[in-house]
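Every heavy atom of this structure was used, including side-chain atoms; hydrogens, water molecules and symmetry mates were not. So that the names make sense, note that chain A is the first sequence line, chain B the second, and so on, each numbered from 1.
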Amino acid sequence: VMFPYPSGDLHIGHWYNFGPADVHARYMRMKGRNVLFPIGFDAFGLPAENAAMKRSNLHPSDWTQNNIKTMTVQLEHMGAMYDWDRVVDTSNPSYYKWTQWMFIQLYKKGLAYKTMAPANWCPQCQTVLANEQAENGVCWRCGSEVTRKDINQWFFKITAYAEELLDGLRELDWPEKTKLMQKNWIGKSVGARINFTWKQEILPVFTTRPDTIFGVTFMAIAPEHPLVPSMTTKDQKKVVEEYVQVSRKETETERLSTDREKTGVFTGSYAKNPINGKEIPIYVADYVLQSYGYGVVMGVPAHDQRDYDFAKKYDLPIVEVVSGGDSKKEAWEGEGKLVNSGEFTGFTSVDGRKKIIAFIEKKKIGNAEINYRIRDWLVSRQRYWGAPIPMIHCKTCGWVPVPESDLPVLLPRISDFQPTGTEKGPLVKSKEFVETSCPTCGGKAERETDTMDTFVDSSWYFLRYPNSNLSEAAFDEKEMKYWLPVDMYVGGAEHTVLHLLYSRFFTKALRDMGYLSFDEPFRALRHQGIILGPDRQKMSKSRGNVINPDELVENFGTDTVRTYLCFMSQYDQGGPWDPQGISGSYRFLGRVYMYFENRKYSSGLEEKDVERLLHKTIKKVGDDMASFKFNTAVASLMEFLNLIVKRNITKETARTYFLLLAPFAPHLAEELWKNAGGQFSVHTKMWPEYDEKKLQEGEKELVIQVNGKLRDTLQVKVGLTKEQAQKIASLSERVKAHIQGKKIRKVIYIPDTLINLVTED
RNA sequence: GCCGAGGUGGCGGAACUGGCAGACGCGUAGGUCUCAAAAACCUAUGGGACUAACAUCCCGUGAGGGUUCGAUCCCCUCCUUCGGCACCA
């Protein structure tokens, strides 16, 4: 399971994640697998600081450790088969030592770098955020509006793996939806770079539609583009500078909203189209993003709606070069025949694309190119409660990694950990921390004061579980080979473009460094849904609709809570919490207990129908477990009880039933198992096998339809021929009434299931 | 705007991916037990028509069309809810 953040309280969402996952893990163990079911704590992060700031005498570390203690007790109440010897705590120096080690490995590989870049800045949390964490221009933690700020920041080069991250998705047993979201996030675009020119300067653009190059009527350049000042002519200087100023002040949300009008201003300069030598005006326009492609767009109004809108507003020519649309009304973005395109006229746009790329490559004015939307991962944070970035800055040597023998770089326990509000983190206030010597030249040097994004900690924690107590290395090769990659990963869908993407990047990078022999961290992935409050709203303290699992355990017992969580809904769907619903599971387990307590079992062979349903139940529960359909698995266990409740069964049948029950209600099952003379423990016994032969029935219910409408059902022997079945069907009084005086035109027969008599008209 | 997943009784949800719609559970109603209640147990429970009753018939899976002997399932149009992305050239 995805390890929890130690917020202090295990809520029902944790239970929903961990409970059914434990059911699955127990099932896999009974199927004979050696199951490692670990747990840990994602212990660094902002809430600890925020909580500590509210109470003056509290340190983030103490807050976190207290919470871990509380949550450990709560987790134990779940009756999960956790291996408590392997608990991982990312805020423990014995763990973050290796997080720092990883940083250094990435740095050495050229996959970590520091650069000045406009970053997402959260004014509330007073730190920068990764793109993935600035959701719709809003901080993922506190919901504040994110602003842009130029800061010198550390990045991981996740873009180096864009293609592989995309490609690897195909192999994964993950929900299609999740894979698709990652795919969209990576955002591959196939196209070309084309070098336009301005004076002596090359002005490259990226386009997915090189076939429309003859339709370019203007250029649009991002306001932040470095060439903007020099491009701007004297008469345009004032308007351009004003425009750039305004767009700089805008928040991300304003800037990115798609439904507002496109704006821009003319720079006064003209670019040259390399394919036909035409001079076209260059505009500064804020719909062009500096961070994608080259920050310059070739404007083709006839075949791009955005360019069309822009051209309409500023009265720029619209030249149609692909047939199929009506350029008087809107841009035609589909395919068609090339027109007005010089020697390429007449080709289809698809062929034209290839021809034009070949042409520009030959003329050396461009080349085929692929672009991705994903950006490098910004990992530095100007906060206290995180793993210090293990880098030292020396005036003469530049950035130097801390020697591995000096790891970990301990996070000093300081009381003044409030954010500084500047681009330096709170660690800057600790002289002892900052001042150090350069590992290379020995001169005076300063430590990096930023800490790492907590998502760095969680990007590799699963690699630590097989050897979480190892002190001399991050992981042990033999243990890793045995346990990893993760066979089944269960957690929320909200981490799709965060943790689940970062972990894949880490895995691939470590593989390339020779530490791992696999490419993907999580072979299979399942999401649990979200449990809503009884009012169908998202649970929140302020709404007062929060369900407290501790109370439920107190009132109904762990087994009931586990069983109900499995039963209440389709696992990946979640849904509103029904306060009365849980009594159904409570009654069910109560009935199970009442039935089996002091039972005198029948001797001899089991009755046929009981035996048949037992085998059906073994099959059903097993199949459902494998596919995470816990709700119908529980339902079939209930069904079986409903059949036997007024009858007697053999001890063998009972013991088989306990095995099926064991993953859901581990405590009750153990008790019943013991009372029925079973050896400790029911949980280490093998999952029962069903017998295909015993599933088969000698008689079946045959559905009889007339013209597709159900008219009767009859018990018949299996294996009837069509003719026999028709004969039997025709004897039914109900059927007779509907076929009387009519000719049978056609008979549809599905053996042992259904017969449909089709009459004339 | 684009992409994706849904819409089934009073409620949560089932239904071999074309073959008995509503499994299982909650709730509700009636009953048993009880001085009474709670708990527990039993019975019924999609809507409607006609029945004294059994039976029988009709309608019914967001709406409308289509394909098919037969559609919750496939196709078209539309409505709607929820997730994701959001000027990516």
Side-chain angles (χ1 to χ4, degrees), chain A residues 135-137 175-178 180-185 187-189 191 205-209 212 220 222 253 255-260 262 285-289 291-300 303-307 309-310 333 371-375 493-494 496-497 529-530 534 536 564 567-570 572-585 587-588 590-591 594 623 629 631-642 645-646 701-713 733-734 737-738 744-750 753-759:
Chain A
E135 299 161 342
N136 295 325
E176 286 305 318
K177 193 188 159 180
T178 306
L180 189 69
M181 271 169 64
Q182 281 207 359
K183 186 183 162 198
N184 291 341
W185 187 262
K188 180 178 182 174
S189 289
V205 302
F206 174 74
T207 177
T208 53
R209 296 294 302 270
T212 64
T253 354
R255 176 80 187 273
L256 291 176
S257 80
T258 49
D259 45 0
R260 68 179 189 160
K262 312 240 168 322
D286 70 359
Y287 78 92
V288 182
L289 305 174
S291 50
Y292 185 80
Y294 299 95
V296 185
V297 168
M298 61 179 215
V300 187
H303 305 291
D304 182 292
Q305 193 55 44
R306 294 157 304 185
D307 298 345
D309 297 341
F310 192 81
E333 296 185 344
N371 246 291
Y372 301 90
R373 299 169 75 145
I374 190 171
R375 317 282 164 73
E494 67 275 15
T496 297
V497 295
I530 295 170
R536 294 164 178 276
Y564 182 60
F567 182 67
M568 62 174 278
S569 172
Q570 211 173 73
D572 59 1
Q573 215 173 286
W577 180 264
D578 178 358
Q580 286 170 316
I582 192 168
S583 58
S585 299
R587 278 178 212 150
F588 164 60
R591 277 207 307 274
M594 294 300 277
D623 290 352
K629 290 182 185 162
N631 55 338
T632 46
V634 174
S636 65
L637 289 172
M638 290 172 168
E639 237 173 303
F640 185 76
L641 183 71
N642 289 345
V645 79
K646 285 178 195 155
E701 210 166 63
L702 184 70
V703 171
I704 303 169
Q705 299 181 335
V706 177
N707 296 327
K709 282 198 174 171
L710 174 79
R711 292 305 173 191
D712 206 353
T713 57
E733 290 301 323
R734 292 182 221 170
H738 288 91
I744 306 286
R745 186 162 59 92
K746 197 172 172 186
V747 178
I748 313 282
Y749 178 55
I750 298 158
T753 306
L754 172 142
I755 186 162
N756 185 11
L757 308 176
V758 187
T759 65

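Among the nucleotides B/G25, B/C20, B/A89, the one closest to any side-chain atom of A/V703 is B/C20. Of all nucleotides listed (B/G19, B/C57, B/U56), B/U56 comes nearest to the side chain of A/R734. In this structure, of B/C11, B/A89, B/C3, it is B/C3 that holds the atom nearest to the side chain of A/L180. Closest to the A/R587 side chain, of the nucleotides B/G27, B/A23, B/C85, is B/G27. Minimum atom distance to the side chain of A/N631 is reached by B/G13, of the listed B/A89, B/G84, B/G13.
Separation of the P atoms belonging to B/G9 and B/U77 is 26 Å when rounded to the nearest angstrom. With P as the reference atom, B/G27 and B/U80 are 35 Å apart, rounded to whole Å. When the P atom is compared between B/C16 and B/C87, the two are found 41 Å apart, to the nearest whole Å. A distance of about 11 Å separates the C1' atoms of B/U45 and B/G10, rounded to the whole Å. Only the C1' atoms considered, B/G22 is 8 Å distant from B/U8, to the nearest whole Å. When the C1' atom is used for both B/U32 and B/A38, the distance is 15 Å, rounded to whole Å. Taking atom P in both B/U81 and B/G62, the straight-line distance is 16 Å, to the nearest Å. Spacing of P atoms, B/C73 relative to B/G66, comes out at 14 Å, to the nearest Å.
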Open item on the list: side chain to side chain donor-acceptor pair (under 3.5 Å) for A/R745 and A/T759? Distances and angles first, verdict last.
Closed with: CA-CA 5 Å; A/R745 186 162 59 92; A/T759 65; over 6 Å; no
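Among the atoms of the strands shown, only primed sugar atoms or phosphate atoms (P, OP1, OP2) are found under 4.0 Å from some heavy atom of A/H738. Among the protein residues, A/K629 comes within range of no part of the nucleic acid, since none of its heavy atoms lies under 4.0 Å from any strand. Within the nucleic acid shown, A/G529 has no heavy atom closer than 4.0 Å to any nucleic acid atom. Nucleic acid contact for A/R375: base, since at least one base atom lies under 4.0 Å from a heavy atom of the residue. Within the nucleic acid shown, A/I750 comes within 4.0 Å of at least one base atom, counting heavy atoms only. Within the 4.0 angstrom heavy-atom criterion, no nucleotide atom of any strand lies near A/N371. Within the 4.0 angstrom heavy-atom criterion, only backbone atoms of the sugar-phosphate kind lie near A/V758; the bases stay farther away.
Side chains of A/D307 and A/Y287: a donor-acceptor N/O pair is present below 3.5 angstrom, by distance only.
Between the base of B/C20 and the side chain of A/E701 there is a donor-acceptor pair shorter than 3.5 Å. Side-chain atoms of A/E176 stay outside donor-acceptor range of the base of B/G4, with no qualifying N/O pair under 3.5 Å.
In this entry B/U34 has no Watson-Crick or G-U wobble partner, no candidate having both defining distances under 3.5 Å. B/G4 and B/C82 make up a base pair, with Watson-Crick or G-U wobble contacts both under 3.5 Å. A 3.5 Å limit on both hydrogen-bonding distances identifies B/U56 as the Watson-Crick or G-U partner of B/A49. Nucleotide B/G13 forms a pair with no other nucleotide shown, judged by Watson-Crick or G-U wobble geometry with both contacts under 3.5 Å. Of the nucleotides present, none pairs with B/A23 by Watson-Crick or G-U wobble criteria with both distances under 3.5 Å. The base-pairing partner of B/U28, taking Watson-Crick or G-U wobble contacts with both distances under 3.5 Å, is B/A44. B/U77 and B/A63 make up a base pair, with Watson-Crick or G-U wobble contacts both under 3.5 Å. Pair assignment for B/U68 gives none, since no Watson-Crick or G-U wobble pairing has each distance under 3.5 Å.
Atom P of nucleotide B/A14 and atom CD of A/E639 are separated by 14 Å, given to the nearest angstrom.
For A/K709 and B/A71, the shortest distance from a side-chain N or O to OP1 or OP2 is not below 4.0 Å. In terms of phosphate contacts, A/Q305 brings no side-chain nitrogen or oxygen within less than 4.0 Å of OP1 or OP2 of B/C87. A sub-4.0 Å separation between OP1 or OP2 of B/C57 and a side-chain N or O of A/R711 is present.
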